[in-house]
Amino acid sequence: MMPRPQTLLSGRALGVVLGLLALVIASFFTLDLQWAQMFSLAAARSMGRFVAEFFPPDLSAPFVAKVAWASLETLAMSGLGTLIAALLGLLLALPAAHSQGSHGQDSALARRPTRWLLNALRAVPDLVWASLLLISAGLGPFAGTLALAVHTTGVLGRLFAEAIENCSEAPGFALRVQGVGRLQVFLYATLPLILPQLISYTLYRWENNIRAAAVLGVVGAGGLGQLLAFHMGLFHMNKTATILGAMLILVALVDFCSDRLRRAMA
């Protein structure tokens, strides 16, 4: 008697969970984790002295103005990088997806290299992209914006392709039987169905890119990260506290706006 598909699926899922659990347990034995030293009284005292150096934060008007400008620079980097990535990701998602009316040999030949390209773009972390692009674009926010755009293109391209593949084919089929071309099918049948999902993915990646843009400055890509790396290197801890506070406020503000936009779309 053949086992039921549900039983097979449950067995495979259980095997995956057990395999992941075994890897997690093995990691505790292979890594040299100094838990006792981390939670010791001496470590707590050292951390307390380090945190005390952050207070009081530097709230002088000239420095706050500098931090505000760096915050705007970080926001612009993340926004422009995400916008470029959304446009390029959509262009690459079309040949990468098993979309309606694209089951021919030519589409299959284009699909594989496009998926390879998307995999390559997102496999390299944005921090590495920034380090590489600093050579050609130089120090500053331009390299950071390009790094965010390149990495996020790979992420959004894959997500957009999956959204295209999972949408209903009925509206597109109704247009194709009337002799409508592929571009018109996508614009009038597929895109209206997946547009809320595309916007939601883009907003989520924008939230992530705000955090990434703040880190990219550590390698000289501008924004709050570059300001943070400079003052931490000089042990200006009160100025570092102000920069960290600006990062928290910026991330919270973007999260709030993104959540409101998603609720409005829903």
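Residue numbers count from 1 along this sequence. None of the values given here were measured: they were computed from a predicted structure.
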- request: Tell me whether M77 is reachable from L83 by hopping between hydrophobic residues (I, L, V, M, F, W, Y) whose side-chain heavy atoms are closer than 4.5 Å.
  value: no
- prompt: Can you name the closest pair of heavy atoms from A96 and R111 and give their distance?
  reply: O-CG, 3.3 Å
- prompt: Looking only at heavy atoms, which two atoms of A85 and T153 are closest? And how far apart?
  reply: CA-OG1, 3.3 Å
query: How long is the gap from CG on L227 to OG1 on T240, to the nearest 0.5 Å?
result: 8.5 Å
- request: Can you run down the salt bridge (charged side-chain N to carboxylate O under 4.0 Å, His left out) pairs that involve residues 245-256, sequence neighbours left out, and say none if there aren't any?
  value: R211-D255
task: Would you please test E53 and R49 for salt bridge (charged side-chain N to carboxylate O under 4.0 Å, His left out) and show each step?
output: CA-CA 7 Å; E53 294 178 0; R49 290 193 297 268; over 6 Å; no
- request: I would like to know whether N208 and T152 meet side chain to side chain contact (heavy atoms under 4.5 Å, CB included); could you show each step before the answer?
  value: CA-CA 10 Å; N208 292 338; T152 309; over 6 Å; no
statement: A93 and A161 have their tightest heavy-atom pair at CB-N, 3.5 Å
query: Would you say L228 and V64 are hydrophobically clustered, going by side-chain heavy atoms of ILVMFWY under 4.5 Å?
result: no
task: Show your working on side chain to side chain contact (heavy atoms under 4.5 Å, CB included) between T82 and L148 and close with a plain yes or no.
output: CA-CA 7 Å; T82 305; L148 291 175; over 6 Å; no
task: Could you pull out the closest heavy-atom pair between I194 and A163, with the gap in Å?
output: CG2-O, 3.6 Å
task: Measure the spacing between CG of L195 and OG of S200 and express it to the nearest 0.5 Å.
output: 11.0 Å
query: Out of L59, I243, L72, D58, which residue meets the side chain to side chain contact (heavy atoms under 4.5 Å, CB included) rule with V67?
result: I243
field: Any side-chain heavy-atom pair of M247 and L250 under 4.5 Å
entry: no
field: Residues in side-chain hydrogen bond (donor to acceptor under 3.5 Å, both in side chains) contact with N166, at least two apart in sequence or another chain
entry: none
- request: Nearest 0.5 Å please: distance from the NE2 atom of H236 over to the CZ atom of F230.
  value: 7.0 Å
message: Tell me whether Y204 at atom OH has more than 12 heavy atoms from other residues, nucleotides or ligands lying less than 6.0 Å away.
response: no
- request: Go through L91 and F160 one step at a time and tell me if the side chain to side chain contact (heavy atoms under 4.5 Å, CB included) criterion holds.
  value: CA-CA 9 Å; L91 291 177; F160 290 174; over 6 Å; no
task: Check step by step if side chain to side chain contact (heavy atoms under 4.5 Å, CB included) holds for W129 and L121.
output: CA-CA 9 Å; W129 278 120; L121 292 179; 4.2 Å; yes
Heavy-atom check, side chain of N238 versus side chain of P56, under 4.5 Å: no
query: How are the rings of F63 and H231 set relative to one another: parallel (under 30°), tilted (30 to 60°) or perpendicular (over 60°)?
result: perpendicular
field: Within-4.5 Å side-chain heavy-atom neighbours: R158 and R115
entry: yes
query: So how far is it from L198 CG to L193 CG, rounded to the nearest 0.5 Å?
result: 10.5 Å
- request: State, with a plain yes or no, whether a side-chain heavy atom of R205 is found less than 4.5 Å away from one of Y201.
  value: no
message: Give me the atom names and distance for the closest heavy-atom approach of E73 to P141.
response: OE2-CG, 3.7 Å
- prompt: Linking I/L/V/M/F/W/Y whenever their side-chain heavy atoms sit closer than 4.5 Å, directly or via other members, would L156 and L118 fall into one cluster?
  reply: no
message: Nearest 0.5 Å, please: how far is NE2 in H151 from CG in L127?
response: 10.5 Å
- prompt: From L159 CG over to R122 CZ, what is the distance, rounded to the nearest 0.5 angstrom?
  reply: 8.0 Å
message: Membership question, hydrophobic clusters at under 4.5 Å side-chain separation (ILVMFWY): are L146 and L132 in the same one?
response: no
- prompt: Shortest non-hydrogen contact from A147 to D126?
  reply: CB-O, 3.7 Å
message: Let me check something: do V155 and I210 share a hydrophobic cluster, defined by ILVMFWY side-chain heavy atoms less than 4.5 Å apart, either directly or through other members?
response: yes
message: Taking atom CZ as the centre, does F142 end up with more than 12 heavy-atom neighbours from other residues, nucleotides or ligands that are less than 6.0 angstrom away?
response: no
